[in-house]
Amino acid sequence: MEDKVMKATQELALEGQKHLEETIESAFQILSSMNDELCNPTLWSTPPPPATAASSHSSASLNGDASSDFSHHMEIAGGGALDDARLRYKSSVASLRAVLNAIQSSQKAKAFEASSAASGSASQADQAEIEKLEERASNLRKELADKNKYLKLLIDQLRDLITDISTWQSPCSV
């Protein structure tokens with residue numbers, strides 16, 4: 001029974017590692033997409049301004065066409081890659097959290113079984129393995145937290161850069 005629990009925990013740890021790698025890969029893809037978009041000057045332009053009432057075409061028609069053209073322009077230029085990377089990141093983070101919670105639940109269940117068993121405590125090798133897995137899970141949590149902090153920093157820097165670019169392109173002086 002204990003071997004099954006240990007094997008399940010190890011499988012969860014491997015799955016968690018896979019999700020962590022996916023999360024890191026998705027975060028890198030987000031940064032890469034942001035870089036691609038920032039390095040593509042065609043994405044810096046803004047969509048055409050809304051039509052005026054004096055226009056011979058209806059305002060709704062022109063706004064719809066401009067919006068559609070801009071969306072099409074973003075798809076061609078790779079605007080959808082960032083959204084795809086964000087979705088993959090969110091999904092992989094959710095999966096990683098689920099696995100980490102499952103590992104924690106598995107360890108709690110094992111601890112409960114071990115304490116209620118008539119034989120007493122687990123062997124030294126099992127205890128060492130548990131501690132090793134707990135340490136690995138803790139390290140994975142810390143690594144994920146560090147990566148998330150770094151990603152937040154990069155996103156904040158990107159916002160500042162976009163603000164600066166917008167200011168530079170503004171027809172009015174600040």
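Values below: every heavy atom of this structure, side chains too, minus hydrogens, waters and symmetry copies. Numbering of residues begins at 1 and proceeds along the displayed sequence.
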Next item on the list: Before giving the answer on side chain to side chain contact (heavy atoms under 4.5 Å, CB included), spell out for Leu31 and Leu158 the whole-Å C-alpha distance, their side-chain angles and the decisive distance to 0.1 Å.
Entry: CA-CA 9 Å; Leu31 295 175; Leu158 176 63; over 6 Å; no

Margin query: Pair Gln17, Leu20 - check side chain to side chain contact (heavy atoms under 4.5 Å, CB included), show working.
Written below: CA-CA 5 Å; Gln17 184 173 358; Leu20 178 62; 5.5 Å; no

Checklist line | Derivation of the side chain to side chain contact (heavy atoms under 4.5 Å, CB included) call for Asp36 and Leu82 | finding: CA-CA 9 Å; Asp36 291 346; Leu82 179 57; over 6 Å; no

Note to self: One pair to check against side chain to side chain contact (heavy atoms under 4.5 Å, CB included): Ile155 and Met34. What are the steps and the verdict?
What the structure shows: CA-CA 9 Å; Ile155 290 171; Met34 289 173 153; 3.8 Å; yes

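Between Ser138 atom OG and Lys142 atom NZ the span is 4.0 Å, to the nearest 0.5 Å. Here the straight-line distance linking atom CZ of Arg97 with atom OG1 of Thr23 works out to 9.5 Å at 0.5 Å rounding. Rounded to the nearest 0.5 angstrom, Ser95 OG and Glu15 CD are separated by 7.5 Å. Between Glu134 atom CD and Asn139 atom CG the span is 12.0 Å, to the nearest 0.5 Å. In this structure, CD1 on Ile162 lies 8.5 Å from CD on Glu37, to the nearest 0.5 angstrom.
Between Gln29 and Ala85, the shortest heavy-atom distance links the atoms CG-CB, 3.7 Å. Pairing each heavy atom of Gly16 with each of Leu96, the nearest pair is O-CD1, 3.2 Å.
Cluster membership for Leu154 and Leu38, using ILVMFWY side-chain heavy atoms within less than 4.5 angstrom, is shared. Criterion: ILVMFWY side-chain heavy atoms under 4.5 Å apart, direct or through other members. Under it, Val93 and Phe28 are not part of a common hydrophobic cluster.
Side-chain atoms of Thr163 come within 3.5 Å of backbone N or O of Arg159 as a donor-acceptor pair. Side chain of Ser91 to backbone of Leu87: no donor-acceptor contact under 3.5 angstrom is found.
When the shell of 6.0 Å around CZ of Arg88 is examined, it contains more than 12 heavy atoms from other residues, nucleotides or ligands. Counted within 6.0 Å of CD on Gln10, heavy atoms from surrounding residues, nucleotides or ligands total more than 12; the atom is thus considered enclosed.
By the 4.5 Å heavy-atom criterion applied to side chains, Ile24 and Glu143 are counted as neighbours. Between Gln157 and Leu161, the closest side-chain pair of non-hydrogen atoms is not below 4.5 Å.
Grouping Ile, Leu, Val, Met, Phe, Trp and Tyr by side-chain contacts under 4.5 Å, direct or through others, puts Val99 with Leu12, Ile103.
Residues that satisfy the salt bridge (charged side-chain N to carboxylate O under 4.0 Å, His left out) test with Arg86, not counting sequence neighbours, are Asp83. Every residue meeting the salt bridge (charged side-chain N to carboxylate O under 4.0 Å, His left out) condition with Lys152, not counting sequence neighbours, appears here in chain and number order: Asp156.
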